[in-house]
Every structure is written in structure tokens, then in C-alpha cells.
There are 2 protein chains.
Amino acid sequence: MSGKEIRRSMPLFPIGTVMQLTELTARQIRYYEEHQLISPARTEGNRRLYSLNDIDRLLEIKDLIDQGINMAGIKQLLLVKEQQESLLEQQAKSAKREVTDDELRKLLRNELMHSGRLNRSSLRQGDLSRFFH
Amino acid sequence: MSGKEIRRSMPLFPIGTVMQLTELTARQIRYYEEHQLISPARTEGNRRLYSLNDIDRLLEIKDLIDQGINMAGIKQLLLVKEQQESLLEQQAKSAKREVTDDELRKLLRNELMHSGRLNRSSLRQGDLSRFFH
DNA sequence: ATGATATGTAAGATAATCTAACATGGTTTT
DNA sequence: AAAACCATGTTAGATTATCTTACATATCAT
């Protein structure tokens, strides 16, 4: 079942393709990398190679930027969202199993600290998935 | 419902990526194009750009070559398979509608002429789809 | 043995990408 | 208002990827 993750994280696209798919300039894409919002793979010849996940993430970043959020903010948001997702995944995995008190505390703390608008972008997130069946 | 087709026929991959995905050399890929087994799009700068469909097709070609079939044979096979698929699609589309006698005759004729092993490769065909969810 | 087929390889040209540096228009901060 | 900062544009020179064309070669069929 994690084959899907492998596929989506497979580095396939050079920056030119990513530019078209995301409508971002190369400068922007590299700038976001510089600020560690993404970390694409590299070919043997040092060319960047992006995965579907990377592209989704770039679309998300674009969305957040449109909302006026700066690099630092986006970095935090993506981080929180990541752990949120891994939590949900974990929760689904052992559906019946109880969550440890510690995990629960962390989850609640995050929900409190970063409440409000946080998942608006997740509507746009799967945007790229429309390109692949 | 044809959005899927659009996605799968979207030119995204440079030849380098295709080489890795198909384990064919650039020489081979261009040679097959020369013999009109595929016709990838081109970028503004004349670089070839391949779609998911193209890559599937290359995997199919590879399979047919392994079976000892030559360019001319593969060309015909792909052609027949194409019309076969469009027929099936059409058949599914107007599921209830009767097939015209003419179409039926063509379908039967093809099944007779190209019977036997013809769909063995279609097992390998969707091979690439494992890369995308 | 001859010829055709599929692929390898080399050369020179062009395109795409890389890094690094400086430029710039909008925001903040002082 | 001036200074500093942020996100992006632009340029330059270097490197890698791809293109076309041509010739080489091994395998297979005639």
C-alpha cells in the first residue's frame, strides 16, 4: 500500500517541466529550495529532479504566498501539516489501537496553537493529481 | 471523463527520464520514432517531450521487440490495437446502442486475422501506471 | 557471402540548467 | 524619510542534456 508513496516521491521532472506545471519561475522555485521549503533530488549531472509530491508542495507554497505568508511562515505551516498528516496516517493504520497520551497531547497542542485557517490550502493541494489517473 | 486521456497524453518527460523509465537507450527511442512507432511532442527548443501514453507505448514496443517482432510488425500491431481500443471505447460509450453491421464485420475480421497472441503485451502495457496513483 | 535491421558511437551544434552576483520594487523597521 | 529586508528579476559564464548526421557493427535472413 505504500507503493503509491514511492511513485509519488519518485524524482522525474526537470525544472522546466515544473515551471510549466506550477507557473512559477525557476528563480522562485530555487528560492523556495534555498529556504528549505522543498528539497528536490539531483541527477548525476547536478540537475534538479522533482517528484509529484514536490510539485504538489510547490502548488501549496504558491497558494500560501498568495495569502501573503512569508517563507518562515510557510515553512512552519508545511511542517505542521506534515506531522498532522503522518498522525492521521498513523491513526488510520492502527485504526483500533489507542493513541498514546503523549501523541494526543501533541496533537491537541498543535490544533490549539495553529487553529483557524490552515486547511484551506489543502483544497488546492491535490491539484496536480488531476494530471495523473 | 476524457480528462484522464488529456492527462495521460500531456507531454511532460524529456528523453533522459524516459530512458530511465523504460530502460531504452536514446538511440533506440529515436529509432522507433524514425519508424513512426511514436511521435513525441517537441519543446520550443526542439527537445522531445514524452507523455505517459508515449512511455506506455515504448514499454509495449520493448515487449514486442523481445518477442522478435520487427519495426513493420510492431507498427501494424500497435495500429490494430489502437483501433481495437477505440472500438471497445465506443462500444462502452453507447453501451446499449447496437453496433452497426459494418463495425461488427471489421471487428470480427480483425479478431480472426490477428488472433492468438496479441494481448499478451497488454498485460505489460499498463506497466507504467504503477508509477502514478 | 550479401544485404537488411537494430543498435552503438562520435562529432559539432544548440538548448536547458546551474551557481553566483547584482538590480529592483514593495514592506518593515528604525 | 532613510535604512534594511524580502521576494523576485536579470545577467554572465560554466556545465550538462539533447539534437542531427554520419559512420561502425553485430545479428539475422536471403
Side-chain angles (χ1 to χ4, degrees), chain A residues 10-52 54-55 57-79 121 124, chain B residues 10-52 54-55 57-79 121 124:
Chain A
M10 190 176 199
L12 292 176
F13 305 96
I15 203 171
T17 301
V18 177
M19 289 173 63
Q20 290 187 182
L21 254 28
T22 63
E23 297 183 278
L24 293 167
T25 67
R27 181 64 160 99
Q28 287 175 302
I29 297 172
R30 297 196 193 104
Y31 185 71
Y32 304 152
E33 178 183 351
E34 192 178 334
H35 287 264
Q36 302 161 55
L37 305 187
I38 41 172
S39 26
R42 296 280 183 144
T43 81
E44 200 176 305
N46 200 36
R47 256 80 179 150
R48 275 168 258 252
L49 272 193
Y50 299 85
S51 68
L52 288 174
D54 289 331
I55 295 177
R57 192 171 245 250
L58 282 171
L59 290 173
E60 226 176 312
I61 292 172
K62 198 184 179 190
D63 207 68
L64 296 175
I65 282 186
D66 285 346
Q67 296 172 36
I69 307 173
N70 67 5
M71 296 296 105
I74 294 177
K75 191 169 179 179
Q76 280 314 109
L77 276 174
L78 292 179
L79 234 163
S121 68
R124 278 193 53 70
Chain B
M10 191 176 198
L12 292 176
F13 305 95
I15 203 170
T17 301
V18 177
M19 289 172 64
Q20 291 187 184
L21 255 26
T22 62
E23 298 182 276
L24 293 167
T25 68
R27 181 63 160 100
Q28 287 174 303
I29 297 172
R30 297 197 194 104
Y31 185 71
Y32 304 152
E33 177 183 351
E34 192 178 334
H35 286 265
Q36 302 161 53
L37 305 187
I38 42 172
S39 26
R42 297 280 183 144
T43 82
E44 199 177 304
N46 199 36
R47 257 78 181 153
R48 274 168 260 253
L49 273 193
Y50 299 85
S51 67
L52 287 174
D54 288 332
I55 295 178
R57 192 171 245 250
L58 283 171
L59 289 173
E60 225 175 315
I61 293 171
K62 198 184 178 190
D63 207 68
L64 296 174
I65 283 185
D66 284 346
Q67 296 172 35
I69 306 173
N70 66 5
M71 297 293 106
I74 294 176
K75 190 169 180 179
Q76 279 314 109
L77 276 175
L78 292 179
L79 234 163
S121 69
R124 276 193 53 70

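Per chain, numbering begins at 1; letters A, B, ... match sequence-line order. Heavy-atom basis, side chains included; hydrogens, waters and symmetry copies ignored.
- With sequence neighbours excluded, no residue forms a side chain to side chain donor-acceptor pair (under 3.5 Å) with A:Thr43.
- Remark on the helix from C:dA1-D:dT30 to C:dT24-D:dA7: inter-end axis angle 30°, axes from five-pair C1' superpositions, rounded to 10°.
- For the contact set between residues 28-41 of chain B and DNA chain D, defined by any heavy atom under 4.0 Å, the members are B:Arg30.
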A:Glu34 and A:Met71: CA distance, side-chain angles, deciding distance, side chain to side chain contact (heavy atoms under 4.5 Å, CB included) verdict: CA-CA 10 Å; A:Glu34 192 178 334; A:Met71 296 296 105; over 6 Å; no
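- In terms of modelled atom types and a separation under 3.5 Å, the side chain of A:Gln76 and the main chain of A:Gly73 share no donor-acceptor contact.
- For B:Asp54 (side chain) and B:Ser51 (main-chain N/O), a donor-acceptor pair under 3.5 Å exists by modelled atom type.
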Any N/O pairs under 3.5 Å between the protein and nucleotides 13-17 of chain D? List them or say none.
unit_1 : atom_1 : unit_2  : atom_2 : d
D:dT16 : O4'    : A:Arg47 : NH1    : 2.7
D:dT16 : O2     : A:Arg47 : NH2    : 3.1
D:dA17 : N3     : B:Arg47 : NH2    : 3.0

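- Side-chain N/O atoms of A:Arg42 include one lying less than 4.0 angstrom from OP1 or OP2 on C:dT19.
- At whole-Å resolution of the value, CE in A:Met19 and P in C:dA15 are 16 Å apart.
- Interatomic distance, CD1 of B:Ile74 versus CD of B:Gln67, reported as 9.0 Å (0.5 Å rounding).
- Taking CG from B:Leu58 and CG from B:Asp63, the interatomic distance works out to 12.5 Å, rounded to the nearest 0.5 Å.
- Minimum interatomic distance between A:Ile38 and A:Ile29 (heavy atoms only, all atoms of both residues): CD1-O, 3.9 Å.
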B:Ile65 and B:Ile69: CA distance, side-chain angles, deciding distance, side chain to side chain contact (heavy atoms under 4.5 Å, CB included) verdict: CA-CA 5 Å; B:Ile65 283 185; B:Ile69 306 173; over 6 Å; no
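- In this structure, the salt bridge (Lys or Arg N to Asp or Glu O under 4.0 Å) partners of A:Arg42, at least two apart in sequence or on a different chain, are A:Glu33.
- One atom, CG of A:Leu49, and another, P of C:dC18, lie 9 Å apart when rounded to the nearest Å.
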Check: residues 11-23 of chain B side-chain donor-acceptor pairs under 3.5 Å, at least two apart:
unit_1  : atom_1 : unit_2  : atom_2 : d
B:Thr17 : OG1    : A:Leu12 : O      : 3.1
B:Thr22 : OG1    : B:Val18 : O      : 2.7
B:Thr22 : OG1    : B:Leu24 : N      : 3.3

Taking only N/O atoms, report every protein-nucleotides 25-28 of chain C pair under 3.5 Å with atom names and distance.
none

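- Ranked by how close their nearest DNA chain C nucleotide is to the 5' end, B:Asn70 and A:Arg27 are led by B:Asn70.
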Base versus backbone protein contacts along nucleotides 25-30 of chain D [heavy-atom cut-off under 4.0 Å; B, S, -]: ------
Working for side chain to side chain contact (heavy atoms under 4.5 Å, CB included), residues B:Leu78 and B:Ile61: CA-CA 9 Å; B:Leu78 292 179; B:Ile61 293 171; 4.0 Å; yes
Criterion side chain to side chain contact (heavy atoms under 4.5 Å, CB included) on B:Lys75 and B:Gln36, from CA distance to verdict: CA-CA 8 Å; B:Lys75 190 169 180 179; B:Gln36 302 161 53; 3.5 Å; yes
